[in-house]
Amino acid sequence: MICDACGRDCAKIYRVETEGRTAEVTVCPDCYRKLYTAREEKFGFLNGTEERGKKVCPACGTRYEEFENTGLLGCADCYKTFRAEILPTVRYIQWGVQHKGDLPSKIAETRYDMVRELVTEQNALQTEVTHALKAKDFNRAEQLKRRIAEIKNILNGGENV
């Protein structure tokens, strides 16, 4: 079996009890020791001291004790204020402290550029419609409105350009 934590091919199924519920996890013995036998050290808010509970964010007034109870921080400064206390928790929950997500695909970038161009064109056409109506050029205004309708259709998931 493959370990869910490290990817090695030596995992076993362990039963773990958390918050009154039992769950089965597939991890290797090393990862099990790291993650579950020393939970208090890994999961920061489970071993909070009284001094930690009294720590307060200077920006928003959130107390560390509130974070322990809710798991929520009040503002961006809370991350700086409680950094030492929350890093073990973040490491435990997310398997690290750096984001390792994917970069947007070329298709997404191309789609974004197309949408931006269509919105820019729509705004310019709307201005032209206003000028055409002021000049009483109703045929031109009607043509422009049709193009605006086509753009709205495309932006709302209709057919492509």
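For the numbers below, each heavy atom of this structure counts, side chains included, while hydrogens, waters and symmetry mates do not.
Scored by the side-chain contact (heavy atoms from CB on, under 4.5 Å) test, Ile2 finds Asp9 as partners (sequence neighbours excluded). Qualifying side-chain contact (heavy atoms from CB on, under 4.5 Å) partners for Thr70, counting only residues two or more places apart in sequence or in other chains: Leu72. For Arg140, the side chain to side chain donor-acceptor pair (under 3.5 Å) partners at least two apart in sequence or on another chain are Glu128. Scanning for side-chain contact (heavy atoms from CB on, under 4.5 Å) contacts around Ala59 gives Cys57, Cys75, Asp77, with sequence neighbours left out.
Listed here is the closest heavy atom pair of Leu133 and Phe138: CD2-CD2, 3.8 Å. Nearest heavy-atom pair, Glu85 versus Tyr64, reported as atom, atom and distance to 0.1 Å: CB-CE1, 3.3 Å. When all heavy atoms are compared, the tightest approach of Cys60 to Cys78 is SG-SG, 3.5 Å. The heavy-atom pair separating Cys28 from Arg8 by the smallest distance is SG-NH2, 3.2 Å. When every heavy atom of Arg63 is checked against every heavy atom of Val56, the shortest pair comes out as CG-CG2, 3.7 Å.
Atoms NZ and OG1, on Lys55 and Thr81 in that order, are 7.0 Å from each other to the nearest 0.5 Å.
In terms of modelled atom types and a separation under 3.5 Å, the side chain of Asn156 and the main chain of Lys152 share a donor-acceptor contact.
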Determine all donor-acceptor pairs shorter than 3.5 Å in which one atom belongs to a side chain in residues 115-124; sequence neighbours excluded.
| residue | atom | partner | partner atom | Å |
| --- | --- | --- | --- | --- |
| Arg116 | NH2 | Asp113 | OD1 | 3.2 |
| Thr120 | OG1 | Arg116 | O | 2.9 |
| Glu121 | OE1 | Arg147 | NH2 | 3.2 |
| Glu121 | OE2 | Arg147 | NE | 2.9 |
| Glu121 | OE2 | Arg147 | NH2 | 3.4 |
| Asn123 | ND2 | Val119 | O | 3.4 |

Point to revise | Pair Ile151-Leu125, side chain to side chain contact (heavy atoms under 4.5 Å, CB included): steps then yes or no | key: CA-CA 10 Å; Ile151 291 172; Leu125 290 172; 3.8 Å; yes
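Looking at Glu142 and Lys145, no side-chain N of the basic residue comes within less than 4.0 Å of a carboxylate O on the acidic one, giving no salt bridge.
Within the 4.5 Å cutoff, side-chain heavy atoms of Ile86 are placed close to those of Leu73.
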